[in-house]
Amino acid sequence: MSNDAIEPGCILHWEGFKFADGAEADKFLVIIGAHPGKNFLAVVATSKMKRGRVPVPGGNVDGGWYHIPGGGKDFFKKDTWLLFEEPRELSAAELLAAKFKNEVKQVGKLRPDVANAICNCMRKCDDVSELHRGLLGPAIQPQAKKK
C-alpha cells in the first residue's frame, strides 16, 4: 500500500484473494468502510456482466451492486460492478501481513462523490447486515480547490 491513508474509495489489487468458498483469484477490492479501531470493509470488483447486471452508471439497490463505467475516468478501464453480496471485513493486521507478502497494494482511489455514492447505495440494500452498515463510511470530503 502507499503512504496514503486507507479510506472509503481506496482501490486495492489483491493477488490470490481468497473468497469465502475457498476459490482464489487476483481481484480489485474497493474500501467502503474505514473507521479507527474497527475492521475495514471492502467489496469485490468484477468486470463480468452477468446475473442481470446492466451497464448503467450508479447503484442498483435491488441488484446489490454499483456500476462504474469503464474508460479510466474512475480508475477502471472496463465497465466494473462492485458487488455488495459478500462484503469483506479486513483487519489492519490482515492488510499489513498481505502487504508484507506483496499480495496487496493500493493502486488507486475513487473520487469522493463516487465513494460516498457507493456507501449510500449499500446502506439501502436489504441484503446488507446491520453490522456491515455500521462499518460503512465515513463520508469523504472533497479536497478544497486551490486558489
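With a 4.5 Å cut-off on side-chain heavy atoms, Trp81 and Asn60 do not count as touching. Taking 4.5 Å as the limit, some side-chain heavy atom of His132 sits within range of a side-chain heavy atom of Glu89. Side chains of Val56 and His67 form no contact here, defined as non-hydrogen atoms less than 4.5 Å apart.
By the 6.0 Å contact criterion, CG on Asp127 is open, its count of non-hydrogen atoms from other residues, nucleotides or ligands being 12 or less.
Formation of a donor-acceptor pair under 3.5 Å by the His35 side chain with backbone atoms of Leu136 is found in this model. Within the 3.5 Å criterion, the main-chain N or O of Val128 finds no donor-acceptor partner in the side chain of Arg123. Side chain of Asn116 to backbone of Ile140: a donor-acceptor contact under 3.5 angstrom is found. A distance-only check finds a donor-acceptor pair linking the side chain of Lys27 to the backbone of Ala45 [under 3.5 Å].
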Does the side-chain contact (heavy atoms from CB on, under 4.5 Å) test come out yes or no for Val30 and Ile68, once each step is laid out? CA-CA 12 Å; Val30 175; Ile68 299 174; 5.6 Å; no
Going through the distances and angles, do Leu95 and Leu12 end up as a side-chain contact (heavy atoms from CB on, under 4.5 Å)? CA-CA 10 Å; Leu95 279 175; Leu12 307 178; 3.9 Å; yes
Taking it one step at a time, do Val114 and Phe75 satisfy side-chain contact (heavy atoms from CB on, under 4.5 Å)? CA-CA 11 Å; Val114 174; Phe75 180 78; over 6 Å; no
Please report the C-alpha distance between Val104 and Leu29 in whole Å, then the side-chain angles of each, then the deciding distance to 0.1 Å, and finally whether the side-chain contact (heavy atoms from CB on, under 4.5 Å) criterion is met. CA-CA 10 Å; Val104 67; Leu29 286 86; over 6 Å; no
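Contact detail for Pro8 and Pro138: the closest heavy-atom pair is CG-O, 3.5 Å. Contact between Ile6 and Ala34 at its shortest, heavy atoms only, is O-CB, 3.6 Å. Among all heavy-atom pairs drawn from Thr46 and Lys48, the shortest one is OG1-N, 3.2 Å. Closest non-hydrogen pair, Asp26 versus Gly16, comes out as OD1-N, 2.8 Å. Smallest separation of non-hydrogen atoms from Gly134 and Lys38: O-NZ, 4.0 Å. The shortest non-hydrogen separation linking Trp65 to Gly58 is CZ3-O, 4.2 Å.
If you chain together hydrophobic residues whose side chains sit under 4.5 Å apart, Ile118 and Val107 fall into the same group. Leu82 and Ile11 end up in the same hydrophobic cluster when Ile, Leu, Val, Met, Phe, Trp and Tyr side chains are linked at under 4.5 Å.
Rounding to the nearest 0.5 Å gives a distance of 9.5 Å between CZ of Phe28 and OG of Ser47. Going from atom CG of Asp126 over to atom CZ of Phe84 covers 13.0 Å, rounded to the nearest 0.5 Å. Taking CZ of Phe19 as the start and CD of Glu86 as the end, the distance is 8.5 Å to the nearest 0.5 Å. Separation of atoms CD1 (Ile32) and CG (Leu110) is listed at 11.5 Å; rounding is to 0.5 Å. Atom NZ of Lys18 sits about 4.0 Å away from atom CD of Glu24, to the nearest 0.5 Å. Residue Leu135 holds its CG atom at 10.5 Å from CG of Leu90, rounded to the nearest 0.5 Å.
For the side chain to side chain contact (heavy atoms under 4.5 Å, CB included) with Val43, the lone residue among Glu85, Arg88, Met122 that qualifies is Met122.
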